[in-house]
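This report concerns only the one structure given below.
Residue numbers start from 1 in every chain, and the chains themselves are labelled A, B, ... in the order their sequence lines are given, proteins ahead of strands. These values consider heavy atoms only, across backbone and side chains, with no hydrogens, waters or symmetry-generated copies. The structure presented is a predicted model; accordingly, all values stated were derived computationally and were not measured.
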Amino acid sequence: MSTQAIYDAIMEFEDDDVVEAVKEAIEAGVDPQIILNEGLIGAMDEVGRLFSIGDLYVPEMLMAANAMKAGMQVIKPYLKGDDGGKGLVVIGTVEGDLHDIGKNLVSMMMESAGFEVIDLGIDVPADKFIETAKTNNAGIICLSALLTTTMTTMGETVDAIKKSGLSVKTMVGGAPVTEEFAKEIGADGFAEDAGEAVVFARNLLAS
Amino acid sequence: MKFMDYFTEAEVTRIHEASLDILQNTGLSVRNEKAREIFKKAGCSVDETTHLVKIPGKLVEECRQSYVPEYTFTAQDPKFDIVLPDNRPVVITGSSAPNIIDPKTGEDRRATSSDIANIANLINELDGFDVFSISTLAQDAPKGQISVSRFYPALKNCKKPVRSNTPTIKDLEDVLELGAIIAGGKEAYKERPFINHHYCPVVSPLTMDVDSTDAVIYLTEKGLPVYGTIVPNAGMTSPMTMTGTLVLGNAEFLALSTLIQLIRPGAPMIYAVLSTVADLRTGNYAPGAVETGMLQMAHSQMARFYGVPSGGYIGLTNSQINDAQCGYETGINTTGALLAGSDMFNMGGLLGSLMAFDFSKAVIDNEIALMLKRMKRGMEFSEENLCLDLIHEVGPGGTYLDLKHTQKNMRKMAFYPKVATREMRKKWEASRSTAEERAFDQVNKIFENSVQKTFSAEIDEKIRSNFPGLVKGDMVW
């Protein structure tokens with residue numbers, strides 16, 4: 001019994017098939033760590049490669065990530081201790097802004113890269129970010145804004161997080177947000193797109 | 001001029017019915033409480049927990065009865081007043097970009113209130129533009145004055161209709177106060193409301209927000225001009241077919257229109273859209289895509305069906321510099337929209353999908369606008385213009401070059417571009433200038449001949465005492 005079926009099911013974006021294949025592999029006694037590394041993460045690495053050369057489009061990557069997540073749910077109880085998790089991220093669109101497409105992309109990419117993500121959705125007040133980060137011991141809070149008019153709220157939110165005294169890093173992103181702006185409002189990180197956000201989050205937590 | 005139609009009459013009817021189906025059976029999430037109340041009072045089913053509002057088709061149809069076919073942009077100077085659809089194509093700048101390409105260094109940077117003053121002056125002087133939608137934000141705005149720091153330099157330096165949005169009711173009230181002071185009183189302002197408000201209250205799919213919706217309700221109640229733009233994005237916030245995106249956007253337009261007509265029957269509206277298709281290779285926003293133009297064309301046909309003026313953000317570009325991509329994206333999509341009957345074009349001056357203003361782009365867009373206006377003027381068919389007698393007279397082999405008839409017509413018949421070159425190679429080689437450089441020459445010429453406009457000392461004093469610490473609002477060139 002190999003992990004090929006799991007790998008294939010992710011490449012075909014079939015959630016149910018992934019769940020089935022992971023269950024079968026567990027029953028057949030395959031090491032859960034191998035299921036994770038060769039099946040689930042192995043497939044996502046290939047998905048990432050195909051995306052970066054332009055063979056796969058964004059919806060396919062999201063579907064693959066969803067399929068991978070479905071498999072993760074099954075395997076999680078069998079993994080001891082470190083399940084490849086790279087830290088906990090709280091993410092949301094700042095107060096007054098209802099746009100979430102970009103934020104959802106970042107959220108998905110982070111999950112498929114092994115982060116645990118709590119997505120607070122849209123129109124999120126500063127308090128809620130702080131509260132959630134505190135209760136869940138988050139490493140990073142990611143803030144998103146699309147409207148040029150809600151960028152100010154982003155600054156206020158970063159301020160509030162800092163004042164709260166939490167030892168959490170902040171990352172910001174969204175169409176009107178630039179690296180300069182991120183520095184100006186005192187955010188710890190900025191990413192131009194979802195892929196960059198993952199790399200940045202990894203580095204931020206490692207530092 | 002006959003307009004291009006994508007759909008048959010039966011298809012238009014089906015799209016309308018499908019839109020009603022969406023509003024009645026799935027409904028919208030309406031996050032604004034006042035809007036929910038208005039819908040509820042009119043007989044919509046409203047769920048206060050989920051905020052879901054289902055609008056009966058019958059109500060949409062009733063509200064359609066009070067749609068009006070005209071929309072007026074009022075200017076500080078009445079000679080610049082402009083009416084849709086009579087003055088079509090009405091050309092407007094693109095708005096609210098955070099950045100500007102610095103006219104001296106060519107670097108991309110955050111825009112300021114002096115940039116807005118400069119842009120306002122430029123748009124005031126360029127004949128192709130009819131309305132100035134405030135192109136950028138103002139990074140230097142004092143705390144609490146984000147909006148007045150944009151409207152003050154705009155209104156000071158541009159006497160054409162000024163258009164933009166505000167993030168909160170407080171900002172909106174500040175801006176209206178600014179307008180009233182300039183007009184010489186609230187009543188005088190109401191008579192000629194020269195600030196033209198615009199919002200995107202619907203976030204696709206099928207969600208009405210809190211703040212922009214609040215502004216639309218506020219302005220509609222007061223009888224002040226306001227309209228909304230509908231912005232579905234195929235593949236992301238609407239289905240990945242042209243028709244599916246059209247029908248979703250159409251339903252969203254009808255929902256917003258129903259709200260507006262319920263508040264004030266007969267309130268003028270524009271069927272304005274920025275319907276796009278996402279670039280799913282990357283997820284990037286693609287307002288410059290050909291599909292943006294096609295969707296605008298289709299929405300314009302629906303607007304004709306509803307009897308309201310049409311338009312939107314059309315002719316935007318994804319290009320980061322003023323290059324060939326810039327030209328063909330703006331050119332193709334605005335031409336399509338013009339031929340399909342769109343009335344209003346938010347097209348001018350922005351690069352990088354609404355992210356940065358560029359002076360030379362604004363001048364090239366001005367030239368495109370003048371070409372569109374020429375195209376709309378059309379063939380001017382008449383017996384006189386057939387020139388039958390003249391053709392007989394000149395006969396084969398003659399010339400029309402030295403005729404009085406030619407001289408009489410030549411200045412008004414053809415559009416003579418200022419940016420495009422028509423020089424022969426040898427002569428052009430003396431300068432080897434690009435369109436962008438020639439556009440910039442025009443920018444410099446305009447600023448050389450510009451004098452700083454002012455409000456009367458009395459008005460300015462009042463403005464400054466109302467908004468202490470307000471930006472200067474003057475051009476810096």
Going from CD on Glu180(A) to CZ on Arg110(B), what distance comes out if it is rounded to the nearest 0.5 angstrom?
->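 Atom-to-atom, Glu180(A):CD and Arg110(B):CZ are 7.5 Å apart.
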
Between CZ on residue Phe181(A) and CG on residue Asn99(B), distance to nearest 0.5 Å =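 If I round to the nearest 0.5 Å, the distance is 11.0 Å.
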
Is [X] close to chain A through its backbone or its side chain, or both, or neither, when contacts mean heavy atoms under 4.5 Å?
X: Ile146(B); value: side chain
X: Met355(B); value: side chain
X: Ser353(B); value: neither

Taking every heavy-atom pair that is under 4.5 Å apart, which of Ala97(B), Pro167(B), Ser204(B) has the most such pairs with chain A?
->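 Counting heavy-atom pairs under 4.5 Å, the top option is Pro167(B).
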
Please classify the contact of [X] with chain B as side chain, backbone, both or neither, using a heavy-atom distance under 4.5 Å.
X: Ile101(A); result: side chain
X: Thr150(A); result: neither
X: Met151(A); result: side chain

Taking atom [atom1] of [X] as the centre, report whether more than 12 heavy atoms of other residues, nucleotides or ligands fall under 6.0 Å from it.
X: Gln325(B); atom1: CD; value: yes
X: Glu179(A); atom1: CD; value: no
X: Tyr57(A); atom1: OH; value: no

Side chain proximity check, [X] to [Y], heavy atoms < 4.5 angstrom:
X: Asp123(A); Y: Arg31(B); answer: yes
X: Val58(A); Y: Arg281(B); answer: no
X: Leu280(B); Y: Glu60(A); answer: no

Have a look at Leu98(A) and tell me which of Asp209(B), Val210(B), Asp211(B) forms a side-chain contact (heavy atoms from CB on, under 4.5 Å) with it.
->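 Among the candidates, only Asp209(B) passes.
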
